[in-house]
Amino acid sequence: MTLRLAVPNEIVPGERRIALDPVVARKLIDLGVDVRMQKGAAASAHFSDEQFDGVTLIESVEELYKDADIIFKVQPPSMDELNMMKDGSVIVSFMAPHKNQDLIQRMCEKKTTSLAMELVPRITRAQSMDALSSQASIAGYKGVIMGADKASVFFPMLTTAAGTIRPAKVLVIGAGVAGLQAIATARRLGAVVEAYDVRSATKEQCESLGAKFIDTGVSADGEGGYARELTDEEKQQQQDVLDKHIALSDVIITTAAIPGRPSPRIISADVVARMKVGSVIVDLASEGGGNCELTQPGETVDFEGRVTIHGPLNVPSQVPIHASEMYAKNLFNLVSPFIREGELALDWDDEVIKNTALTHEGEIKAERYKNTGEQQS
Ligand code: NAD
C-alpha cells in the first residue's frame with residue numbers, strides 16, 4: 001500500500017509557514033509517496049496550488065487527515081486536528097512538548113507515532129534535519145532587519161557630502177544559532193557589533209563573525225552545549241559588566257534562552273532608562289517571556305518616547321518562503337531515509353529517530369516528558 005502523506009493548512013493565527021514546498025513534494029513523489037495537501041494551504045507562504053505538480057489537493061480537512069499515514073505540520077496539532085487523524089498514524093511537527101502534556105496523552109491513546117522537531121539531536125549527522133537551527137537562523141536575520149527598520153540611525157559608516165556618519169553600535173546577547181546569524185547580518189549591514197553569551201565556547205564563534213566579545217568573567221556551560229541557569233551572584237557580575245555596554249548601544253538583539261525554562265531577564269527597566277535616546281531592543285526571546293523586563297510578547301513598547309522595545313513572536317513565519325523551504329527540507333531529511341518503494345519503515349535503532357520520537361505505540365518515548373501531569377513552565 002502506498003504511503004499517504006498529508007500536509008494540512010496551519011491553523012494557528014499568524015502562522016504563515018507550511019511543512020511542504022514544491023521541491024520537497026517532488027522528491028517525496030519520486031520516492032513513491034502519495035502526497036496530499038489541503039487546497040490553498042501553501043498560499044500564506046506564497047506558493048500556489050499549481051506549483052505542487054503531482055500533489056493531490058484536498059478541500060476537506062477531515063478527509064485529508066482521515067486517510068493519512070503520515071502528516072507533516074509546522075505547529076503542534078490542536079486536539080481537534082489530532083482527533084481527525086486515524087489511530088496509529090505518524091506525525092512530524094514541532095510539538096512544544098514541555099507545555100503540551102494533554103496532547104502527548106492523547107497521542108498515546110491514539111497510538112500516534114510523533115516525531116517532535118524540537119527533539120532532533122544536535123549532532124553533526126542530524127544537522128540537515130535540525131529545524132530549531134534552520135528557524136533560529138531566520139529569526140536572527142529577521143531580528144536585525146527589524147532592528148534596522150526601527151533604528152533612528154544608519155547601520156553602516158557613511159562618508160557623504162553632508163558629513164561622515166558613524167556606524168551603529170549593535171549588541172547581540174545570546175550567541176546560539178539565532179545570535180550568530182544576527183551578528184553576521186548586522187556586520188553585513190555595516191554595524192559595529194558586540195556580542196555576549198554565558199557559554200565561553202561562543203567567544204571564538206562571535207569573533208570569527210566580526211563581533212567583539214564582551215567578557216563578563218561568568219561562564220555557564222551546561223548540558224549538551226546549552227546554557228545552565230546562573231546563580232544570583234553570577235547574574236550580578238554579568239549585569240555589572242553588560243549594563244555599561246547596553247547603555248552605549250543603538251540596537252540590541254537579545255536571543256538568550258535556556259531549554260524548558262523562562263527566558264533569563266538580562267535587561268532591567270532601570271537599564272533601559274539609561275539607554276541612548278532613539279535606541280531599539282529587539283527581544284527575540286519574547287516567546288519565553290523575554291530577556292528585557294519591559295518586553296511585552298507580541299507588542300512594541302515605546303518607553304517614554306526614548307527606547308523602542310520590540311517583542312516579536314514567531315519571527316520565522318515572517319520569512320515564510322525560505323522558512324517553509326528550509327523546514328520542509330528538514331522534515332524530508334529526517335524521514336526520507338526510511339521510505340522505500342512508497343513504504344515507511346522507521347528504524348527504531350537509529351539514533352536520530354530514537355531521540356526525536358515523542359510518542360510511539362501508546363508510550364511516551366522521550367525520557368524527559370515521561371513524568372506525566374508534571375507541566376513544565
Ligand atoms: P538557545 O536558543 O537555547 O539559546 C540561545 C543562546 O542563549 C545560547 O547560546 C545560550 O548559551 C545563551 N544564553 C542562555 N542564558 C544566557 C544568559 N543569561 N546570558 C547570555 N546568554 C545566555 O540556543 P541554540 O541556538 O538552540 O543553541 C544551543 C546549543 O546547541 C549551542 O551550543 C549550539 O552550538 C548547539 N547546536 C549544535 C548543533 C549541531 O551540532 N548540530 C546545531 C545547532 C546548535
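All ligand and atom numbering here is 1-based and tracks the order in the structure.
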Exercise. Judged by non-hydrogen atoms, does E229 sit under 4.0 Å from ligand 1?
Worked result: no

Exercise. Between the side chains of Q75 and E15, does any donor sit under 3.5 Å from an acceptor?
Worked result: yes

Exercise. Which atoms from ligand 1 have a heavy atom of Q127 less than 4.0 Å away?
Worked result: 39 (C), 40 (O), 41 (N)

Problem set entry | Heavy-atom protein contact below 4.0 Å for atom 5 (C) of ligand 1 | yes

Problem set entry | Distance from atom 2 (O) of ligand 1 to nearest protein heavy atom, with residue and atom | A257 CB, 3.9 Å

Exercise. Does ligand 1 have a heavy atom under 4.0 Å from the side chain of T202, from its backbone, from both, or from neither?
Worked result: neither

Problem set entry | Closest non-hydrogen atom pair, A151 against V251 | CB-CG2, 3.8 Å

For this session: Could you list which atoms of ligand 1 come closer than 4.0 Å to a heavy atom of Y196?
Result: 19 (N), 20 (C)

Exercise. Are side-chain N/O atoms of R199 and Y226 paired as donor and acceptor at under 3.5 Å?
Worked result: no

Seminar exercise, completed: the protein heavy atom lying closest to atom 29 (C) of ligand 1 turns out to be G225 O, 3.4 Å

Problem set entry | Shortest protein heavy-atom distance from atom 25 (O) of ligand 1, along with the residue and atom involved | V177 N, 2.7 Å

For this session: Please check if any side-chain donor atom of T359 sits under 3.5 Å from a side-chain acceptor atom of S114, or the reverse.
Result: yes

For this session: Please could you name the atoms of ligand 1 that P264 approaches to less than 4.0 Å, counting only its heavy atoms?
Result: 15 (N), 18 (N)

Exercise. Do we see a donor-acceptor contact under 3.5 Å between the side chains of Q181 and S137?
Worked result: yes

For this session: Classify the side-chain pair Q236/D240 by whether it contains a donor and acceptor separated by less than 3.5 Å.
Result: yes

Exercise. Taking 4.0 angstrom as the limit, do R228 and E234 come out as a salt bridge?
Worked result: yes

Problem set entry | Parallel, tilted or perpendicular: rings of F213 and Y196 (30°, 60°) | tilted

Problem set entry | Distance-only donor-acceptor check, side chains D283 and T254, under 3.5 Å | yes

Exercise. Which protein non-hydrogen atom lies closest to atom 16 (C) of ligand 1, naming both residue and atom, and how far is it?
Worked result: V198 CG2, 3.4 Å

Exercise. Which protein non-hydrogen atom lies closest to atom 26 (O) of ligand 1, naming both residue and atom, and how far is it?
Worked result: R122 NH1, 2.6 Å

Problem set entry | Numbering as shown, the atoms of ligand 1 that approach G174 to under 4.0 Å (heavy-atom distance) | 7 (O), 21 (N)

Problem set entry | Identity and distance of the protein heavy atom lying nearest atom 8 (C) of ligand 1 | D197 OD2, 3.4 Å

Exercise. Is the F72 to Y327 ring centre distance short of 6.0 Å?
Worked result: no

Exercise. In terms of residue, atom name and distance, what is the protein heavy atom nearest to atom 42 (C) of ligand 1?
Worked result: D130 OD2, 3.4 Å

Problem set entry | ligand 1-proximal atoms of S133, by part, heavy-atom distance under 4.0 Å | side chain

For this session: Mind checking whether A175 contacts ligand 1 via backbone (N, CA, C, O), side chain (CB onward), both or neither, at a 4.0 Å heavy-atom cut-off?
Result: backbone

For this session: Nearest heavy atom to atom 19 (N) of ligand 1 wins, so pick from I266, N291, V120.
Result: I266

Exercise. Are R17 and Q135 linked by a side-chain donor-acceptor pair shorter than 3.5 Å?
Worked result: yes

Problem set entry | Distance-only polar pair, side chains of H46 and R16, donor-acceptor under 3.5 Å | yes

Problem set entry | Residue I123 vicinity, atoms of ligand 1 by number, heavy atom under 4.0 Å | 41 (N)

Problem set entry | Under 4.0 Å to a heavy atom of Y226 - the qualifying atoms of ligand 1, by number | 3 (O), 26 (O), 28 (C)

Seminar exercise, completed: Any heavy atom of K235 under 4.0 Å from ligand 1? The part involved is neither

For this session: Tell me which protein heavy atom sits closest to atom 33 (C) of ligand 1, plus the residue, atom name and distance to 0.1 Å.
Result: R199 NH2, 4.3 Å

